[in-house]
Amino acid sequence: METRKVQVTGGSTYTVSIPKTWATDNDVEAGTEIEFHPDGDSLFLTPRSDAERTRGTLDIADLSGQALRRAVTTMYVSGFDVIELEAAEISTEQRSTIRDAVQSLVGLEVLEETRDRVVVQDLLDSSELSIHNAVTRMRLISLSMLEDAITALAERDHDLARDVIGRDDDLDRLWLVVSRIFRATLRTPKAAEELGLPREECFDYHSSARQLERIGDHATKIAHLTLNIEEPLPDEVVEAVSDLHGDAVDVIDTAMDALFDEDTEAATRRANEARTGVRAIDERVRAIDELLRELDPTRAQLLGLVVDSVLRSADYGGNIAETALQKAAPTP
């Protein structure tokens, strides 16, 4: 850390020098324009850049399958607008993997293909993306997945179960969008300015989006388990699981309402209600466990996994409530 004294020039202009080492490292010299970004009681400065698109290059010669898919996804989440994938010769299998990865990411399109190069570009305007809208959409999808997974279980509807499994891809795409937006706010103050949100609030949305993505994973798990059920389930077990699901949804909805509430007192009250709801669900789970003991071991184990997934979904709602409490707390 270096310190500088503020000086007054011309009677009304405040000036401060910048460290020479930082200026040299960032190609700042006489005449270079500097951008200032206010953030609460802090002021960030960066050299002004005319580059509109962030480009990244990746050598994929030794990458294939899931490793290549993860590499493309990582470049996307890291914030590159143009991704150049290069190798001495890109195989047909690699091209297929790249296309699959691109289709799973919001806004990406293959811009150029040659024998040794594939260029992928994000066609969305980052300034028009809304982390609030993305998280809101994730809330709707994850809760609808959970509801339909329980319905599929109760009615042994395998088509509905498969539909739930398919929707998990939509949720994952939104999760990656939220991650991309959040990492952009960490990388540059300008991104947070374009969003119109403090970076701390972006962190709260990112943390909550992660919980919603996990809820979707558990809905998918329940759907997969449903595909293994052929015989009708006992009515009392179906009713108990449905009631448990209702309580879990109440927790998640209340926690999300708390997260989005701008009234700090109301947000705190709702968050605490959600946390109390999680504790009440623990009691209901113990009662369901008693019902499962009357079933044969195989079915009891399967339904036990379903109950565990619903319980964990409620716990993720409790985590969102914790985040809402932190968001509503006074700022130091």
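Side-chain atoms are counted along with the backbone in the values below, which use heavy atoms only and exclude waters and symmetry mates.
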Q. Going from OG1 on T57 to CE on M75, what distance comes out if it is rounded to the nearest 0.5 angstrom?
A. 6.5 Å
Q) Is L111 reachable from V82 through a run of hydrophobic residues whose side-chain heavy atoms are each under 4.5 Å from the next? A) yes
Q. Of the non-hydrogen atoms in S179 and H206, which two are nearest, and what is the gap between them?
A. OG-NE2, 3.6 Å
Q) Is V8 reachable from V6 through a run of I, L, V, M, F, W or Y residues, each pair having side-chain heavy atoms under 4.5 Å apart? A) yes
Which atom pairs, donor and acceptor, lie under 3.5 Å between side-chain atoms of residues 138-158 and protein residues at least two apart or in another chain?
from, atom 1, to, atom 2, distance (Å)
R139, NE, D253, OD1, 3.3
R139, NH1, D257, OD1, 3.3
R139, NH2, D253, O, 3.3
R139, NH2, D253, OD1, 3.0
R139, NH2, D257, OD1, 2.9
S142, OG, M138, O, 2.9
S142, OG, R139, O, 3.2
S144, OG, L140, O, 3.2
S144, OG, I141, O, 2.9
S144, OG, R167, NH1, 3.3
D148, OD2, R167, NH1, 3.1
D148, OD2, R167, NH2, 2.6
T151, OG1, E147, O, 3.0
R156, NH1, E230, O, 2.7
D157, OD1, D159, N, 3.2
D157, OD1, L160, N, 3.0
H158, NE2, T226, O, 3.2
H158, NE2, I229, O, 3.1

Q) Parallel, tilted or perpendicular for Y316 and H218, by the 30°/60° rule? A) tilted
Q: Answer yes when D289 and R293 have at least one side-chain N-carboxylate O distance shorter than 4.0 Å, and no when they do not.
A: no
Q. With the 4.5 Å side-chain cut-off for hydrophobic clustering, are I165 and L171 part of the same group?
A. no
(Q) Checking the side chain of R299 only, and the main-chain atoms of E231 only, is there a donor and an acceptor separated by less than 3.5 Å? (A) yes
Q: Can you sort out the partners of Q7 under side-chain hydrogen bond (donor to acceptor under 3.5 Å, both in side chains), two or more places apart, ordered by chain and number?
A: none
Q: Would you name the heavy atoms of A324 and A255 that are closest together and state the gap between them?
A: CB-O, 4.2 Å
Q.
Restricting to non-hydrogen atoms, name the atom on T323 and the atom on S208 that form the minimum distance, rounded to 0.1 Å.
A. CG2-OG, 3.8 Å
Q. Is there a side-chain contact between V310 and I222, using heavy atoms and a 4.5 Å cut-off?
A. yes
Q: Could you tell me whether E112 atom CD has more than 12 heavy atoms of other residues or ligands within 6.0 Å of it?
A: yes
Q: Any chance you could measure E294, atom CD, to E236, atom CD, to the nearest 0.5 Å?
A: 7.0 Å
Q | Steps toward side chain to side chain contact (heavy atoms under 4.5 Å, CB included) verdict (R117, T114) | A | CA-CA 5 Å; R117 189 165 174 261; T114 62; 3.2 Å; yes
(Q) Looking at every non-hydrogen atom in both residues, tell me the closest pair between A71 and L58 and how far apart they are. (A) CB-CD2, 3.6 Å
Q: Using a cut-off of 6.0 Å, state whether more than 12 heavy atoms not belonging to E200 lie near its atom CD.
A: no
Q | Charged N-O contact under 4.0 Å between D122 and R180 | A | yes
(Q) Within the structure provided, determine whether T73 and L105 are in side-chain contact (heavy-atom separation under 4.5 Å). (A) yes
Q | Contact summary for A209 and V178, nearest pair of heavy atoms | A | CB-CG1, 3.8 Å
Q: Can you establish whether the number of heavy atoms outside R210 located under 6.0 Å from its atom CZ is more than 12?
A: yes
Q. In Å, rounded to the nearest 0.5 Å, how long is the span from CD1 of I215 to CD of E213?
A. 10.0 Å
Q. Short question: side chain of E86, backbone of I60 - any donor-acceptor pair under 3.5 Å?
A. no
Q. Do R55 and D81 meet the salt-bridge criterion of a basic N to acidic O distance under 4.0 Å?
A. no
Q. Taking everything shown except R137 itself, do over 12 heavy atoms lie less than 6.0 Å from its CZ?
A. no
Q: Apply side chain to side chain contact (heavy atoms under 4.5 Å, CB included) to the pair I83 and V119, showing each step before the final yes or no.
A: CA-CA 6 Å; I83 304 171; V119 179; over 6 Å; no
Q: Nearest 0.5 Å please: distance from the CG atom of D282 over to the CG atom of L311.
A: 5.5 Å
Q. For the side chain of N272 and the backbone of T268, is there at least one donor-acceptor N/O pair under 3.5 Å apart?
A. yes
Q.
Tell me if a side-chain donor or acceptor on R275 pairs with a main-chain N or O of E322 at a distance below 3.5 Å.
A. no
Q) Tell me, do R284 and D247 make a side-chain contact under 4.5 Å, heavy atoms counted? A) yes
(Q) Does D62 have more than 12 heavy atoms from other residues, nucleotides or ligands lying within 6.0 Å of its CG? (A) no
Q.
Whether the side chain of E283 engages the backbone of A280 through a donor-acceptor N/O pair (distance < 3.5 Å, no angle test) should be reported.
A. no
Q) Any side-chain heavy atom of R162 within less than 4.5 Å of one from L227? A) yes
Q.
Using every non-hydrogen atom in the two residues, find where I181 and S130 come nearest and quote the distance to one decimal.
A. CD1-C, 4.3 Å
Q: Before accepting this row, confirm whether a basic side-chain N of the pair E273/R270 lies closer than 4.0 Å to the acidic partner's carboxylate O.
A: no
(Q) Applying salt bridge (charged side-chain N to carboxylate O under 4.0 Å, His left out) to D217 and K221, what does each step give before you reach the verdict? (A) CA-CA 6 Å; D217 286 344; K221 181 179 179 180; over 6 Å; no
Q: Hey, could you give me the CD1/OG distance between I320 and S207, rounded to the nearest 0.5 Å?
A: 10.0 Å
Q.
Run the side chain to side chain donor-acceptor pair (under 3.5 Å) test on S17 and R4 for me, step by step, so that the C-alpha distance in whole Å, both residues' side-chain angles and the decisive distance to 0.1 Å come before the verdict.
A. CA-CA 7 Å; S17 63; R4 295 288 191 276; 2.9 Å; yes
Q. Between CZ of R69 and CZ of R99, what distance do you get to the nearest 0.5 Å?
A. 13.0 Å
Q) Under the criterion ring-ring contact (aromatic ring centres under 6.0 Å, His included), which of F260, W175, F182 is the partner of Y205? A) F260
Q) Given the rule that I, L, V, M, F, W and Y join up when any side-chain heavy atoms are under 4.5 Å apart, are F203 and L195 in one cluster? A) no
Q. Does L244 share a hydrophobic cluster with V278, counting links as ILVMFWY side-chain heavy atoms below 4.5 Å and allowing steps through other members?
A. yes
For residues 19-30, tabulate all N or O donor-acceptor pairs below 3.5 Å that involve a side-chain atom, not counting sequence neighbours.
from, atom 1, to, atom 2, distance (Å)
T24, OG1, K20, O, 3.0
N26, ND2, W22, O, 2.9

Q) For V177 and R173, what are the C-alpha separation, side-chain angles and deciding distance, and is it a side chain to side chain contact (heavy atoms under 4.5 Å, CB included)? A) CA-CA 6 Å; V177 167; R173 276 192 286 269; 5.8 Å; no
Q | Check against side chain to side chain contact (heavy atoms under 4.5 Å, CB included), V118 and R95 | A | CA-CA 8 Å; V118 175; R95 293 178 190 278; 3.7 Å; yes
